[in-house]
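I have placed the structure first, in the form of structure tokens, so that the comments after it can refer back to it.
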Amino acid sequence: MGFMAEAGNSFSTYTNTLTACEFPFTYNDSFDDTWELMGYNINDGYYNMRDSAFMTVEADAYGTITTPLGVFSNTLRVKTTTIDYSWMRFEAGGDWIPLGSFTDIEYKWFAPNIKVPVMFIQEMEWM
């Protein structure tokens with residue numbers, strides 16, 4: 001995963017790959033996953049960001065949803081709860097400085113024959 005920003009170019013590498021979804025996945029299914037991500041700043045020449053997370057994905061609702069774009073029947077709501085711990089390093093070889101943790105909760109509604117969610121809500125809470 002790469003990023004280009006005004007302050008410099010960087011890329012990220014999963015050291016423990018994120019599993020975003022499993023198939024088949026239906027109402028009342030769930031799974032847990034852990035992942036770790038390292039961010040490398042190309043201009044500075046070292047890894048300066050680290051995230052480690054625990055994630056629970058669950059299909060917790062099923063039915064009809066009404067959105068501004070229309071009514072969608074037979075939708076599956078998938079709730080993803082991620083607890084993420086972050087660190088930064090401000091010099092090559094320096095100590096990792098904990099930035100704290102946050103909880104990210106995402107709700108996505110999937111309808112038959114539509115390849116993207118028809119509705120998406122995200123909540124973030126810094127601890």
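Residue numbers start at 1 and run along the sequence shown.
- Atom OG1 of residue Thr80 and atom CG of residue Asp60 lie 9.5 Å apart, to the nearest 0.5 angstrom.
- Under a hydrophobic-cluster definition in which Ile, Leu, Val, Met, Phe, Trp and Tyr are linked whenever side-chain heavy atoms come within less than 4.5 Å, directly or via other members, Val116 and Val78 are assigned to different clusters.
- The shortest non-hydrogen separation linking Asn74 to Thr64 is N-OG1, 4.5 Å.
- To the nearest 0.5 angstrom, Met55 atom CE is 10.5 Å from Asp104 atom CG.
- Residue Met124 is not grouped with residue Ile105 when hydrophobic side chains (ILVMFWY) are merged at heavy-atom distances under 4.5 angstrom, including chains of intermediate members.
- Under the side chain to side chain contact (heavy atoms under 4.5 Å, CB included) rule, Thr75 has a single partner from Trp109, Phe110, Tyr62, which is Trp109.
- Criterion: ILVMFWY side-chain heavy atoms under 4.5 Å apart, direct or through other members. Under it, Phe54 and Leu18 are not part of a common hydrophobic cluster.
- Considering all non-hydrogen atoms of both residues, Ser73 and Pro112 come closest at O-CD, 3.6 Å.
- Residues Thr103 and Ile83 come closest through the heavy atom pair OG1-CG1, 4.0 Å.
- Using a distance-only test at 3.5 Å, with no hydrogens or angles considered, no donor-acceptor pair links the side chain of Asn41 to the main chain of Asn48.
- Placement of Met88 and Leu37 within a single hydrophobic cluster is found when ILVMFWY residues are connected by side-chain heavy-atom separations under 4.5 Å, directly or transitively.
- Side chains of Glu123 and Tyr107 form a contact here, defined as non-hydrogen atoms less than 4.5 Å apart.
- Of the possible polar contacts, one joining the Thr67 side chain to the Leu69 backbone as a donor-acceptor pair under 3.5 Å is found.
- Under a hydrophobic-cluster definition in which Ile, Leu, Val, Met, Phe, Trp and Tyr are linked whenever side-chain heavy atoms come within less than 4.5 Å, directly or via other members, Leu99 and Met49 are assigned to the same cluster.
- The nearest pair of heavy atoms linking Thr26 to Ala59 is O-CB, 3.2 Å.
- Formation of a donor-acceptor pair under 3.5 Å by the Tyr85 side chain with backbone atoms of Asp51 is not found in this model.
- The heavy-atom pair separating Ser12 from Gly39 by the smallest distance is OG-CA, 3.9 Å.
- Residues satisfying the salt bridge (Lys or Arg N to Asp or Glu O under 4.0 Å) criterion with Asp32, sequence neighbours excluded, are absent altogether.
- In terms of modelled atom types and a separation under 3.5 Å, the side chain of Asn16 and the main chain of Thr34 share a donor-acceptor contact.
- Across all non-hydrogen atoms, the minimal contact from Trp96 to Met38 is CZ2-CE, 3.8 Å.
- Note: Phe90 CZ to Asp95 CG = 11.5 Å, rounded to the nearest 0.5 Å.
- With sequence neighbours excluded, the residues satisfying salt bridge (Lys or Arg N to Asp or Glu O under 4.0 Å) with Glu106 are Lys108.
- At a threshold of 4.5 Å between non-hydrogen side-chain atoms, the residues Glu22 and Asp29 do not count as touching.
- With hydrogens and angles disregarded, a donor-acceptor distance shorter than 3.5 Å links the side chain of Arg89 to the backbone of Tyr47.
- Taking the ring pair (Phe, Tyr, Trp, His ring centres under 6.0 Å) definition, one finds that Tyr27 meets it with nothing, sequence neighbours left out.
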